[in-house]
Peer 1: 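Would you mind keeping the following structure in view while I ask a few things?
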Amino acid sequence: MQKKIAICPGCHTKIPTTGKPGQKIKIQCPNCHRKGTIVFKADLQELDFYPLNEPFAHAKILKNKETLEKTYKIIEPYLSEEEQKVLNFVWETLLKTFNLRLDELDNSKIENYLIKQTEQVINNYDIKVDDLSKQKILYYIKRESLGYGKIDPLMRDPHIEDISCDGSEEPIFIYHRRYGSLKSNVQFNDEEELCFFVVRLAQKCGKHISIAEPILDATMPDGSRIQMTLSTEVTTKGSTFTIRKFRADPFTPPDLIALNTASAEILAYFWMAVENGVNALIAGGTASGKTTILNALSLFIPREAKIVSIEETREINLPHPNWIPGIARSGFGEVVADKVIGEIDLYDLMKAALRQRPEYIIVGEIRGKEAYVLFQAMATGHATYSTVHADSAKSLIHRLEGKPIEIPRIMLQSLDIVSIHITTRVKGRRVRRCKQVIEIIDIDPTTKEILTNEVFRWDPVEDKFLYTGKSYVLEGIRARWDLSKEQITNEIRQRTEILKWMDDNDVRIFREVAKAISAYTDNPEEFLKKMRGSSKNVKKDEDKEKDEDKKKDKTVDKPVKEKEIAQSPEEIDEKKKENTEKSDDIDSNLEDFKDLKTIDEVTAKLLYDNDIKSIDDLKILSYKDLTNIKGIKRKNVKKIIKELEENVKI
């Protein structure tokens with residue numbers, strides 16, 4: 001039997017249905033009593049269904065059993081021919097009657113203003129529409145004016161990383177965190193419509209795109225990065241755009257541990273390095289998580305330090321109060337001395353940053369002459385961090401020495417650490433891993449070869465991170481602060497313990513993490529005392545809960561109380577029946593997860609309450625999806641995922 005959730009085109013009520021492949025089932029909406037037919041196609045399997053903008057927009061992910069192709073389908077309100085005419089008329093009237101720009105209004109008032117104006121048009125022209133049709137019309141008006149038009153549901157989906165439009169009459173492709181690359185049912189019907197949309201997107205970003213300048217990189221209002229081209233000037237299929245979405249809540253070190261992107265020991269090592277102003281580069285291929293790692297490591301910078309960040313589009317997000325975020329600006333007009341008039345590039349921002357007396361300089365990505373100034377800053381004592389495209393230490397050195405960067409080899413010894421990151425697959429899942437952490441020690445005076453030391457490396461067979469046993473960076477820190485080997489080892493051990501404690505106790509919001517790091521820096525002993533005390537209390541609470549559960553189990557077999565004796569036989573039978581039904585429900589819940597030892601009765605019930613009713617449902621959920629379910633502890637989530645990977649064939 002297949003499960004399917006139908007959406008009533010009239011009132012948007014969700015109607016769960018089940019049927020056999022190839023079967024047609026007639027259903028009726030329990031709310032508006034509208035009748036319809038659901039077809040269970042033999043070649044299609046529904047993998048997922050979830051809301052994007054309730055009750056109007058939903059996402060459905062389907063898999064073709066024959067071709068194994070997966071499709072991302074957006075379900076939006078159906079408009080009848082009459083409703084479509086009303087929507088077109090209201091929209092055109094609104095455009096003519098608007099006497100102010102929406103971006104001039106306060107964000108909290110925009111929606112109410114739009115609703116008021118729409119209702120005014122409907123009343124003034126005596127348009128007869130019921131409440132349901134009015135709600136649908138309002139949805140499309142808000143989608144077009146306040147949202148992102150056709151792609152608004154895609155922008156609302158937190159599981160989507162990339163949105164790519166390759167031209168008109170081509171489906172928009174997305175990259176989904178759970179299902180990978182998917183073809184969607186959204187597309188632009190002709191080049192004129194797509195051109196208009198691209199120009200609108202540029203305006204939303206506060207930029208300009210035209211036939212004269214048909215390529216644009218910009219930052220969208222929600223912080224996402226967009227690259228777009230206009231018409232057929234540089235892309236033969238017509239206008240295109242690619243959106244890279246970024247999280248409003250950035251990844252933090254505990255998140256990286258939970259996802260096994262890096263180990264607690266690696267992050268404790270970086271904590272020591274960053275705190276002591278050791279220079280580092282994050283290297284890796286496209287979408288290997290370089291900027292994510294850079295942002296997470298930036299949380300280790302002391303709270304009171306002065307930071308200057310330099311980027312082409314805003315991606316770095318820090319909680320530090322003394323932080324200047326710099327963004328490059330495109331030019332306008334003529335080209336003078338190989339530079340457009342008015343352009344401010346990364347090189348200009350880097351020169352300006354050095355005059356601002358920063359303690360830490362963060363560069364989004366180095367790819368040109370700004371790298372020379374970055375290495376000059378390293379040599380003059382500024383702690384600098386950046387990302388670069390390279391898949392190994394050898395290719396990184398070649399990239400830095402070759403055109404257009406051209407860093408002299410003698411300057412490369414100012415760099416201390418290179419962290420190399422990759423995107424790979426582990427047990428069928430697409431993951432990001434820290435492949436190596438390498439230290440640049442010195443340059444051999446005779447051979448001119450760069451001497452390196454590998455501190456950590458990732459073992460792909462065991463999916464574990466191994467420490468090689470030697471770190472010159474930690475030795476340098478030990479010598480600077482006159483610490484013994486035992487003291488530096490103990491310090492790393494304590495910081496590893498703190499990071500693991502954050503992971504176990506769900507301390508993951510970037511401001512909370514920064515607060516915990518600052519608290520440890522201010523008073524290590526007091527913070528460790530509180531942390532270990534809270535861990536003991538949590539353990540005591542868990543033990544207490546277990547004892548209470550045992551007591552409850554014992555009291556079940558106790559003699560019937562006087563109040564129960566006073567009840568009628570019919571009441572007692574009814575109560576027994578209810579208890580039997582509850583017990584049967586728990587047993588049936590547990591039966592679906594019988595192959596997993598880590599799922600007990602309570603966890604099974606919590607999963608059932610969240611519409612997760614089988615191991616197949618469980619397999620498609622990510623770590624974060626499970627931790628968001630109230631009642632399931634983070635430790636249990638890790639055990640469930642581990643058992644799924646080891647025992648269940650994915």
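What you see below is based on every heavy atom in this structure, not just the backbone, and it leaves out hydrogens, waters and symmetry mates.
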Peer 1: T521 and S518: side-chain donor and acceptor closer than 3.5 Å?
Peer 2: no
Peer 1: What I want to find out is whether E526 reaches K530 closely enough, with some N-O distance under 4.0 Å, to be called a salt bridge.
Peer 2: yes
Peer 1: If only atom types and distance count, is the side chain of R432 paired as donor or acceptor with the main-chain N or O of A287 below 3.5 Å?
Peer 2: yes
Peer 1: Sub-3.5 Å donor-acceptor pair from the side chain of S181 to the main-chain atoms of Y175, do we have one?
Peer 2: no
Peer 1: Is there a donor-acceptor pair under 3.5 Å between the side chain of K290 and the backbone N or O of V388?
Peer 2: no
Peer 1: Verify salt bridge (Lys or Arg N to Asp or Glu O under 4.0 Å) between D459 and K464, making sure each step is shown before the conclusion.
Peer 2: CA-CA 5 Å; D459 179 9; K464 289 180 180 178; over 6 Å; no
Peer 1: Where is the tightest heavy-atom contact between I420 and A393, given as atom of each residue plus distance?
Peer 2: CD1-N, 3.3 Å
Peer 1: Which heavy atom of L294 sits nearest a heavy atom of S386, and at what distance?
Peer 2: CD1-N, 4.1 Å
Peer 1: Is any side-chain N of the basic residue among K485 and E491 closer than 4.0 Å to the acidic one's carboxylate O?
Peer 2: no
Peer 1: Is the backbone of S392 close enough, under 3.5 Å, to the side chain of K435 for a donor and an acceptor to pair up by distance?
Peer 2: no
Peer 1: Indicate whether any N or O donor in one side chain lies under 3.5 Å from an N or O acceptor in the other, for S471 and E439.
Peer 2: yes
Peer 1: Would you call R457-E454 a salt bridge at under 4.0 Å N-O?
Peer 2: yes
Peer 1: Just verifying a value: how many Å separate L281 CG and L400 CG, rounded to the nearest 0.5 Å?
Peer 2: 6.5 Å
Peer 1: Against F456, only a single residue in Y467, F270, F465 fulfils ring-ring contact (aromatic ring centres under 6.0 Å, His included); can you say which?
Peer 2: Y467
Peer 1: Angle between ring planes, Y50 versus H159, binned at 30° and 60°: parallel, tilted or perpendicular?
Peer 2: perpendicular
Peer 1: Drop me the distance from I324's CD1 to L318's CG, to the nearest 0.5 angstrom.
Peer 2: 12.5 Å
Peer 1: At what distance, to the nearest 0.5 angstrom, does OG1 of T261 lie from CH2 of W458?
Peer 2: 11.0 Å
Peer 1: For T252 and R508, indicate whether the former's side chain and the latter's backbone hold a donor-acceptor pair under 3.5 Å.
Peer 2: yes
Peer 1: Please determine whether the number of non-hydrogen atoms from other residues, nucleotides or ligands lying under 6.0 Å from atom CZ of R480 exceeds 12.
Peer 2: yes
Peer 1: Using the benzene-type ring in the case of Trp, are the ring centres of W323 and Y360 under 6.0 Å apart?
Peer 2: no
Peer 1: Give a yes or no answer on whether the side chain of H320 reaches the backbone of I301 with a donor-acceptor pair at less than 3.5 Å.
Peer 2: yes
Peer 1: Could you tell me whether the side chains of D222 and S224 share a donor-acceptor contact shorter than 3.5 Å?
Peer 2: yes
Peer 1: Does E265 come within less than 4.0 Å of R493, counting only side-chain N to carboxylate O?
Peer 2: no
Peer 1: Checking T452 side chain against I438 main chain: does a donor-acceptor pair fall under 3.5 Å?
Peer 2: no
Peer 1: Specify the closest pair of heavy atoms between D503 and P254, including all atoms of both residues, with the distance to one decimal.
Peer 2: OD1-O, 3.8 Å
Peer 1: So which atom in V437 and which in S419 form the shortest heavy-atom distance, rounded to 0.1 Å?
Peer 2: CG2-OG, 4.2 Å
Peer 1: Can we say D162 and K245 salt-bridge, meaning some charged N sits less than 4.0 Å from an Asp/Glu carboxylate O?
Peer 2: no
Peer 1: State whether R225 and D217 are salt-bridged, where the test is any N-O pair (Lys NZ or Arg NE/NH1/NH2 against Asp/Glu carboxylate O) under 4.0 Å.
Peer 2: no
Peer 1: At what distance, to the nearest 0.5 angstrom, does CD1 of I477 lie from CG of L483?
Peer 2: 9.5 Å
Peer 1: Which atom names give the shortest non-hydrogen contact between A273 and V473, and what distance separates them?
Peer 2: CB-CG1, 4.4 Å
Peer 1: What's the verdict on salt bridge (Lys or Arg N to Asp or Glu O under 4.0 Å) for E315 and R244, showing C-alpha distance, side-chain angles and the deciding distance?
Peer 2: CA-CA 11 Å; E315 294 175 281; R244 289 195 65 188; 5.3 Å; no
Peer 1: Tell me, with the steps shown, if D416 and Y472 meet side chain to side chain donor-acceptor pair (under 3.5 Å).
Peer 2: CA-CA 9 Å; D416 298 304; Y472 289 89; over 6 Å; no
Peer 1: Do side-chain atoms of D391 reach the backbone of G284 as a donor and acceptor pair under 3.5 angstrom?
Peer 2: no
Peer 1: Would you call E370 and K351 a salt bridge, taking side-chain N to carboxylate O under 4.0 Å as the test?
Peer 2: no
Peer 1: What orientation do F527 and W501 show, parallel under 30°, tilted 30 to 60°, or perpendicular over 60°?
Peer 2: perpendicular
Peer 1: Looking only at the side chains, is there a donor atom on one of N317 and N295 sitting less than 3.5 Å from an acceptor on the other?
Peer 2: no
Peer 1: Say you draw a straight line from CD of E512 to CG of D506; how long is it, rounded to the nearest 0.5 Å?
Peer 2: 8.5 Å
Peer 1: For M272, does its backbone N or O pair with a side-chain atom of N276 as donor and acceptor, under 3.5 Å?
Peer 2: yes
Peer 1: Quick one: do K500 and D504 make a salt bridge, cutoff under 4.0 Å?
Peer 2: no
Peer 1: Evaluate the criterion side-chain contact (heavy atoms from CB on, under 4.5 Å) for residue pair V373 and L346; output intermediate values, then yes/no.
Peer 2: CA-CA 10 Å; V373 185; L346 296 181; over 6 Å; no
Peer 1: Have Y179 and R430 got a donor and an acceptor in their side chains that come within less than 3.5 Å?
Peer 2: no
Peer 1: Looking at R177 and E161, does any basic side-chain N land under 4.0 Å from a carboxylate oxygen?
Peer 2: yes
Peer 1: For D463 and K427: C-alpha separation, side-chain torsions, deciding distance, then whether salt bridge (Lys or Arg N to Asp or Glu O under 4.0 Å) applies.
Peer 2: CA-CA 10 Å; D463 192 20; K427 295 178 181 175; over 6 Å; no
Peer 1: Determine the minimum heavy-atom distance between P319 and L299, stating which atoms define it.
Peer 2: CD-CD2, 3.6 Å
Peer 1: Who passes side chain to side chain donor-acceptor pair (under 3.5 Å) against E475, sequence neighbours left out?
Peer 2: R478
Peer 1: Just how far is it from atom CG of D152 to atom CG of L146, taken to the nearest 0.5 Å?
Peer 2: 9.0 Å
Peer 1: Please determine if R329 and E312 form a salt bridge, counting it only when a charged side-chain N lies under 4.0 Å from a carboxylate O.
Peer 2: no
Peer 1: Where the side chain of K306 meets the backbone of Q356, is there a donor-acceptor pair that is under 3.5 Å apart?
Peer 2: yes
